[in-house]
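Following: one structure in structure tokens, then a few remarks.
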Amino acid sequence: MSGNKKVALVTGAGSDHGIGFAIARALSHDHDVVVVTATTERIYQRGNELASPSTQGVGFICDHTDEIQVLDLFSKIRELGILATLVNNAGMVQIGQTEAYLQSHEITLAEWNQSIARNLTTAMLATRSALQIMRDECYGRIINIGSTTGFIQTNVGEVAYASAKAAMVGMTKTVALENATFGVTCNAIAPGWIATPSSTEEELRNGRATPIGRSGRPEEIASLTRYLASKDASFLTGQVIIVDGGNSLIEGLAR
């Protein structure tokens, strides 16, 4: 890698107790600069909170469904150093927008396209720009935060979300294959029920029903992400790692 500063980018890190910001905090131990993005001004505070004597924290507003905004973001990142790690966490919920829970027979094309853009296109646009840096440097770590939904299980009313997250698995594997000879790895994490400020009471109940008996913590996703972003994970690529407290192990539902 270049002698310039080592940069990590974590998308969708606006919530101070969410998965994205937990990941950013974990990566701050191993990177000179950690860039976090969200769609509102609260991201500036998250960037300030990441600052330490050894790490520069930077927050940028970016709607990752917008190609122009993503290109502008990466032009700013190039000024900060060399991008070593990209974590595609943006998706599911944005401030001012909600995910539509609609069944297959009733979803409109506009609602379908919105969910695919938010949960899949966001990752593709960031990955495309990141690869232009990483391939030149012959080094990079791309980690996609997916879901067990679509990949392992699904829920009624989540046809678009499940489809997007299932497609993220295919994207992860293809990016891994295409860029392995450039020293770039690409893996995905599939969280189950993780307790965050946006969790509903139903989601928390589901977490308590896992074999481990609780929801996961954002820090547990963050610690795995930190490993996947490390040099120690150099032989691990194209994989999807499930972190769900054993929830996907259950075959019988009559408990």
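Index from 1, following the sequence.
Ionic pairing of Arg226 and Glu220 is not present here: no N-O contact between side-chain nitrogen and carboxylate oxygen is shorter than 4.0 angstrom. For the pair Glu203 and Arg208, the salt-bridge criterion is not met [side-chain N within less than 4.0 Å of a carboxylate O]. For the pair Arg25 and Glu49, the salt-bridge criterion is not met [side-chain N within less than 4.0 Å of a carboxylate O].
Cluster annotation: Tyr227 and Ile194 are assigned to the same hydrophobic cluster (Ile/Leu/Val/Met/Phe/Trp/Tyr, side-chain heavy-atom contacts under 4.5 Å, transitive). Under the 4.5 Å side-chain heavy-atom criterion for Ile, Leu, Val, Met, Phe, Trp and Tyr, Val7 and Leu228 are members of distinct hydrophobic clusters.
Side-chain N/O atoms of His31 and Thr85 include a donor and acceptor closer than 3.5 Å. A donor atom on one side chain and an acceptor atom on the other are found under 3.5 Å apart for Glu111 and Thr108. Looking only at atom types and distance, the side chain of Asp63 has no donor-acceptor partner in the side chain of Thr39 under 3.5 Å away. When only modelled atom types and interatomic distance are considered, Asn155 and Glu158 share a side-chain donor-acceptor pair under 3.5 Å. Asn88 and Thr127 form a side-chain donor-acceptor contact under 3.5 Å, judged by distance and modelled atom types alone. Looking at Thr37 and His64, their side chains do bring a donor and an acceptor atom within 3.5 Å of each other.
In this structure Ser147 satisfies the side-chain hydrogen bond (donor to acceptor under 3.5 Å, both in side chains) test together with Thr149, sequence neighbours excluded.
Checked options Asn187, Val87, Asn89; the residue passing with Thr225 is Val87 (criterion: side chain to side chain contact (heavy atoms under 4.5 Å, CB included)).
Within a 6.0 Å radius of CD in Glu106, other residues, nucleotides and ligands contribute more than 12 heavy atoms.
Taking a 4.5 Å side-chain heavy-atom cut-off between Ile, Leu, Val, Met, Phe, Trp and Tyr, the cluster of Ile212 contains only that residue.
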